[in-house]
J.: 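Handing you this structure, nothing more for now.
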Amino acid sequence: MNKTETIEDYKVNYKKHPFSKSIKITLKKEREILVTMPYLCPFKTAKDFLLKNFEKIKSFKIENKKLNKNIQTKFDTLRLIESNKLEIITKNNIVYFYYPNEIDFYGDKIQKSLKEAYFKAIKIEAKNYLPTRLEFLAKKFGFSYNNVALRNQKTRFGSCSYQNNISLNINLMNYDFDCIDYVIIHELVHTKIKNHSQAFWAEVEKYCPNYKFLRKQLKNSPFC
């Protein structure tokens with residue numbers, strides 16, 4: 001269950017995350033705050049923490065990550081080409097990003113289009129890789145599931161419903177293959193154990209012995 005409220009003209013989104021061990025505050029836009037919190041944390045506790053740090057949060061500045069000319073996707077699905085115009089063309093599952101040299105590459109205009117092209121590329125790669133990898137690991141370790149869906153989510157890498165429908169985050173393509181496998185195994189184990197009990201983590205460790213290290217990597221990501 002999530003919650004949204006307004007505090008001093010700031011839109012505040014509270015989101016509970018099953019992997020979170022502490023309250024984390026992120027300024028998502030100029031006047032939009034995301035409060036990520038442990039699943040069992042009361043909303044009042046999260047709000048009190050936010051208000052305690054509110055003056056400091058108001059001094060935060062949005063940092064826009066710049067994409068450079070050497071950016072690569074896992075399967076080289078994005079190609080950057082100098083041209084006389086700014087254009088994105090997708091052909092045969094390859095995204096071609098054409099950019100004019102006379103415009104500042106790190107300016108807002110090109111960066112906005114490049115981020116759009118980059119997302120198109122990882123979306124193609126996710127569609128081609130994640131369902132296939134899920135099927136492979138399920139067969140390898142003896143799991144079964146119903147359907148798989150790919151989503152663009154901000155706070156969850158994956159989920160498994162009570163009907164054993166698995167959802168995977170497209171943005172997993174930004175992470176190492178070992179991290180992707182961990183998330184997939186995590187959701188596959190949920191087809192048998194619908195909680196995060198000691199038995200659940202013991203089962204995950206059977207198929208992913210270094211899951212604690214990989215989980216820590218993911219917890220330090222923008223999605224947690």
Side-chain angles (χ1 to χ4, degrees), residues 2 4 10-13 15 17 19-20 24-36 57-134 148-159 167-184 214 217-224:
N2 300 322
T4 300
Y10 282 80
K11 180 182 178 182
V12 181
N13 297 311
K15 292 196 175 183
H17 195 287
F19 293 161
S20 294
K24 180 179 178 182
I25 300 173
T26 308
L27 185 64
K28 303 300 290 184
K29 297 179 182 177
E30 288 300 333
R31 289 195 171 272
E32 184 172 333
I33 298 170
L34 172 64
V35 181
T36 307
I57 293 163
K58 288 194 288 187
S59 68
F60 288 176
K61 300 294 182 183
I62 295 290
E63 293 185 8
N64 292 317
K65 184 179 178 181
K66 301 292 185 180
L67 302 181
N68 60 52
K69 295 181 182 180
N70 298 317
I71 189 169
Q72 283 187 310
T73 58
K74 273 187 164 45
F75 300 105
D76 197 26
T77 303
L78 177 63
R79 311 284 174 82
L80 275 61
I81 303 169
E82 285 190 23
S83 175
N84 58 2
K85 59 181 177 179
L86 185 59
E87 190 174 19
I88 301 171
I89 296 177
T90 303
K91 185 177 180 180
N92 297 327
N93 277 342
I94 301 292
V95 178
Y96 298 91
F97 179 74
Y98 296 91
Y99 64 95
N101 214 16
E102 64 270 15
I103 300 179
D104 179 14
F105 187 86
Y106 296 99
D108 290 343
K109 186 174 182 179
I110 286 187
Q111 285 292 311
K112 182 179 179 180
S113 294
L114 179 54
K115 288 175 182 178
E116 178 187 344
Y118 179 78
F119 183 74
K120 284 178 181 287
I122 65 168
K123 189 174 181 180
I124 289 170
E125 294 187 354
K127 184 178 179 180
N128 291 336
Y129 181 76
L130 294 179
T132 302
R133 189 62 179 171
L134 172 64
V148 58
L150 302 180
R151 306 188 190 283
N152 177 27
Q153 296 176 294
K154 298 297 184 184
T155 58
R156 303 185 78 177
F157 289 109
S159 63
S167 173
L168 297 172
N169 194 326
I170 291 167
N171 294 287
L172 281 169
M173 301 310 296
N174 290 314
Y175 296 87
D176 293 339
F177 288 113
D178 285 350
C179 288
I180 295 174
D181 280 358
Y182 158 67
V183 172
I184 291 175
L214 299 173
Q217 285 190 308
L218 292 170
K219 280 178 66 66
N220 291 329
S221 78
F223 297 102
C224 289

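The structure displayed is predicted, hence computed values, not measured ones.
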J.: Might you point out which heavy atoms bring Asn128 and Thr132 nearest each other, and give the distance in Å?
T.: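 Heavy atoms only, the tightest pair is O-OG1, 3.4 Å.
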J.: Hey, does Met173 have a side-chain heavy atom less than 4.5 Å from the side chain of Thr73?
T.: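 Thr73 vs Met173: side chains apart.
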J.: Looking at every heavy atom in both Lys123 and Ile170, which two are closest together, and how far apart are they?
T.: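 For Lys123 versus Ile170, the nearest heavy atoms are CA-CG2, 3.8 Å.
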J.: Flag this pair as yes if the NZ/CZ of Lys120 is under 6.0 angstrom from the six-membered ring centre of Phe97 and inside a 45 degree cone about the axis; otherwise no.
T.: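 Negative - Lys120 is either too far from the ring of Phe97 or too far off its axis.
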J.: Short question: side chain of Asp176, backbone of Asp178 - any donor-acceptor pair under 3.5 Å?
T.: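 Not a single qualifying donor-acceptor pair exists.
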J.: Nearest 0.5 Å please: distance from the CD atom of Glu82 over to the CD atom of Glu102.
T.: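 One finds 9.5 Å between CD of Glu82 and CD of Glu102.
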J.: What heavy-atom pair brings Asn68 and Leu80 nearest, and what distance separates the two atoms?
T.: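 The answer is O-CD2, 4.1 Å.
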J.: Which pair of non-hydrogen atoms, one from Ser113 and one from Ile88, has the smallest distance, and what is that distance?
T.: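 Here Ser113 and Ile88 meet closest at O-CD1, 3.4 Å.
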J.: Does some side-chain heavy atom of Leu172 sit less than 4.5 Å from a side-chain heavy atom of Ile184?
T.: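 SC-SC contact between Ile184 and Leu172 ruled out.
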J.: So do Leu214 and Tyr175 actually touch side chain to side chain, heavy atoms under 4.5 Å?
T.: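 No - every pair of side-chain heavy atoms lies 4.5 Å or more apart.
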J.: Quick one: pull up CD1 in Ile94 and CZ in Arg79 and give me the separation to the nearest 0.5 Å.
T.: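 Going from the CD1 atom of Ile94 to the CZ atom of Arg79 covers 4.5 Å.
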J.: State, yes or no, whether a side-chain contact exists between Gln72 and Leu78 at a heavy-atom distance under 4.5 Å.
T.: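 SC-SC contact between Gln72 and Leu78 ruled out.
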J.: Would a 4.5 Å heavy-atom cut-off, applied to side chains only, mark Gln153 and Ser167 as touching?
T.: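 With C-beta onward as the side chain, the pair touches.
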J.: Assess Lys74 against Tyr129: is NZ or CZ under 6.0 Å from the centre of the six-membered ring, and within 45 degrees of the ring's axis?
T.: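 Relative to the ring axis of Tyr129, which defines the angle, Lys74 lies outside at least one limit.
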J.: Do Leu86 and Ile103 come close enough that some side-chain heavy atom pair is under 4.5 Å?
T.: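 Of all side-chain heavy-atom pairs linking Ile103 with Leu86, none is under 4.5 Å.
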J.: Looking at every non-hydrogen atom in both residues, tell me the closest pair between Phe105 and Ile110 and how far apart they are.
T.: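 Minimum heavy-atom separation between Phe105 and Ile110: O-CG2, 3.4 Å.
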J.: Using the rule side-chain hydrogen bond (donor to acceptor under 3.5 Å, both in side chains), only one of Asn13, Thr26, Thr4 pairs with Glu32; which is it?
T.: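 The passing option is Asn13.
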J.: Would you check if there is a donor-acceptor pair between the side chains of Asn171 and Asn169 at a distance under 3.5 Å?
T.: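 Distance-only check passes for Asn169 and Asn171.
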J.: Go through Ile33 and Ile25 one step at a time and tell me if the side chain to side chain contact (heavy atoms under 4.5 Å, CB included) criterion holds.
T.: CA-CA 7 Å; Ile33 298 170; Ile25 300 173; 3.7 Å; yes
J.: Could you tell me if the side chain of Tyr99 sits less than 4.5 Å from the side chain of Leu114, heavy atoms only?
T.: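 Of all side-chain heavy-atom pairs linking Tyr99 with Leu114, none is under 4.5 Å.
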J.: Mind listing the closest non-hydrogen atom pair of Arg156 and His17 along with its distance?
T.: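 Residues Arg156 and His17, closest heavy atoms: CA-NE2, 4.0 Å.
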J.: Can you tell me how far the OG atom of Ser83 sits from the CG atom of Asn101, to the nearest 0.5 Å?
T.: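 Result: 10.5 Å between the selected atoms.
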J.: Could you state the interatomic distance from CZ (Phe75) to CD1 (Ile122), rounded to the nearest 0.5 Å?
T.: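 Result: 12.5 Å between the selected atoms.
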J.: Sequence neighbours left out, what passes salt bridge (Lys or Arg N to Asp or Glu O under 4.0 Å) with Asp104? Give chain and number order.
T.: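 Scan of Asp104 (salt bridge (Lys or Arg N to Asp or Glu O under 4.0 Å), adjacent residues dropped) gives none.
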